[in-house]
Amino acid sequence: MIVLLNSSITEDSKEYQLTINYLSQLPNVTTRIHKVQGAEQVLTEIYLIGDTSKLFAEDIHALPGVERVIRVSEEYRILGRHKDEQRISGFEYNGVQFSQDTLNIFAGLCAVDTPEHVEQMLKALRDHGQVCTRMGAYKPRTNPYSFQGHGKSCLPYVFELAGRYGIKVIAMEVTHENHVDEIHECLEQASQPTGVMLQIGTRNTQNFELLKAVGRQQEYPVLFKRGFGITLNESLNAAEYLASEGNSRVVFCLRGVKTNMGDPHRNLVDFSHVPVLKRLTRMPVCIDPSHSVGSRESAPDGIFDLMHVTAQGIISGANMVLIDFHPAPTKALVDGPQAMLLSELSWFLDDVALARACYEKRQILAEQHKAR
Ligand code: PEP
Ligand code: MN
């Protein structure tokens with residue numbers, strides 16, 4: 001059960017104290033207080049965990065300062081939608097909006113290799129009006145002898161160049177909680193030229209200790225990849241670890257699932273789950289065509305599979321696209337064969353805009369049908 005307080009109630013008010021005292025004395029129920037940053041104010045949500053089945057929502061609603069009471073299922077209490085359309089969803093980070101209504105493109109390097117490639121990438125993005133990118137510094141690799149990413153040594157030039165080219169948010173995977181501190185220290189030393197969205201990779205979807213650590217910090221939002229070999233429900237429960245520790249600024253990313261049934265794609269593309277995620281949760285939904293498809297193959301129409309699946313995700317309402325680009329894919333140290341070229345960036349962005357316009361028209365059509 002979630003108890004939402006009126007926005008005017010402050011922690012030192014009498015109403016707040018009375019209500020918290022009452023709730024914390026309920027038998028077999030523990031309370032957890034979450035502050036939710038809305039567009040204009042901070043809202044307080046109190047989570048009642050435990051034996052809430054015998055509680056009457058009307059009794060709780062009658063407590064001082066309570067605006068609404070929502071009964072939630074056991075699963076993904078914070079990130080879930082729970083058939084409630086009024087709760088805040090989405091967030092702003094470093095001037096960029098993320099919600100189930102927006103669309104942000106994160107084109108960039110799978111892995112940082114040289115400062116020159118980082119600069120060429122960022123310059124191309126700036127020239128195309130883009131303010132987000134992906135840049136991997138810590139790479140989780142199948143083979144221990146493969147390039148593992150430059151780690152913290154590349155952060156100073158990546159952040160400095162990002163600032164120079166007007167990049168506001170970089171999606172960057174972390175595989176250990178120390179990486180969050182390294183990113184934080186480096187951003188501080190450089191006086192915050194850009195922002196970072198911490199990426200949890202598919203190999204760490206159920207690394208619960210990493211999730212708890214990343215969930216405890218609230219400075220950086222999180223891009224959470226679906227686990228490649230577990231059910232959607234298991235991935236959603238894992239994402240909830242972030243929120244249950246205090247960080248609910250989470251974007252959920254579909255990146256395909258591992259099965260030979262997806263051959264010849266690297267993974268079985270799962271973007272049909274975009275509307276499912278929007279129905280079940282309040283998270284913005286990202287698609288990762290690069291790690292789903294894994295190649296630059298194209299159909300006889302000349303359009304890359306990568307672009308076809310991107311359009312399929314966007315036409316269903318995806319809110320973010322994470323895609324590998326590289327100025328010289330043959331020199332890339334990770335995932336070169338699936339990278340798109342900088343000369344293909346405007347084609348890609350135009351194709352994205354077409355698919356988005358189509359989605360918006362589909363929304364209008366659905367509304368017209370409902371009004372009939
Ligand atoms: C990545 O985005 O660089 C990556 C390794 O993706 P995933 O965790 O989905 O394999
Ligand atoms: Mn990759």
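Scope of the values below: all heavy atoms of this structure, side chains included, with no hydrogens, waters or symmetry mates. Numbers for residues simply follow the sequence, beginning at 1. Atoms within a ligand are numbered from 1 in the order they appear, just like the ligands themselves.
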Non-hydrogen atom of Arg134 closer than 4.0 Å to ligand 1: yes

Ligand 1 atoms in contact with Gly201 (distance to a heavy atom under 4.0 Å): 8 (O)

Which residue and heavy atom of the protein sit nearest atom 5 (C) of ligand 1, plus the separation: Glu173 OE1, 3.7 Å

Check: Glu182/Tyr138 side-chain N/O donor and acceptor closer than 3.5 Å: yes

Aromatic plane relationship, Trp347 with Phe304 - under 30° parallel, 30 to 60° tilted, over 60° perpendicular: tilted

Cluster check Ile200, Phe228: I/L/V/M/F/W/Y, side chain < 4.5 angstrom: no

Element-labelled atoms of ligand 1 that are located less than 4.0 Å from some non-hydrogen atom of Arg255: 7 (P), 9 (O), 10 (O)

Atom 6 (O) of ligand 1 - nearest protein heavy atom and its distance: Lys225 NZ, 2.8 Å

Distance from atom 4 (C) of ligand 1 to nearest protein heavy atom, with residue and atom: His291 NE2, 3.6 Å

Proximal ligand 1 atoms for Gln199, defined as those under 4.0 Å from one of its heavy atoms: 1 (C), 2 (O)

Contact check: Asp335 to the Mn ion (ligand 2), N/O/S below 2.8 Å: yes

Nearest protein heavy atom with distance in Å, relative to atom 8 (O) of ligand 1: Thr202 N, 2.8 Å

Approximate separation, where rounding is to 0.5 Å, of Ile2 CD1 and Ile70 CD1: 5.0 Å

Donor-acceptor side-chain pairing of Asp335 and His291 below 3.5 angstrom: yes

Single-linkage hydrophobic cluster Phe106~Leu342, side-chain heavy atoms < 4.5 angstrom: yes

Distance-only polar pair, side chains of Arg226 and His273, donor-acceptor under 3.5 Å: yes

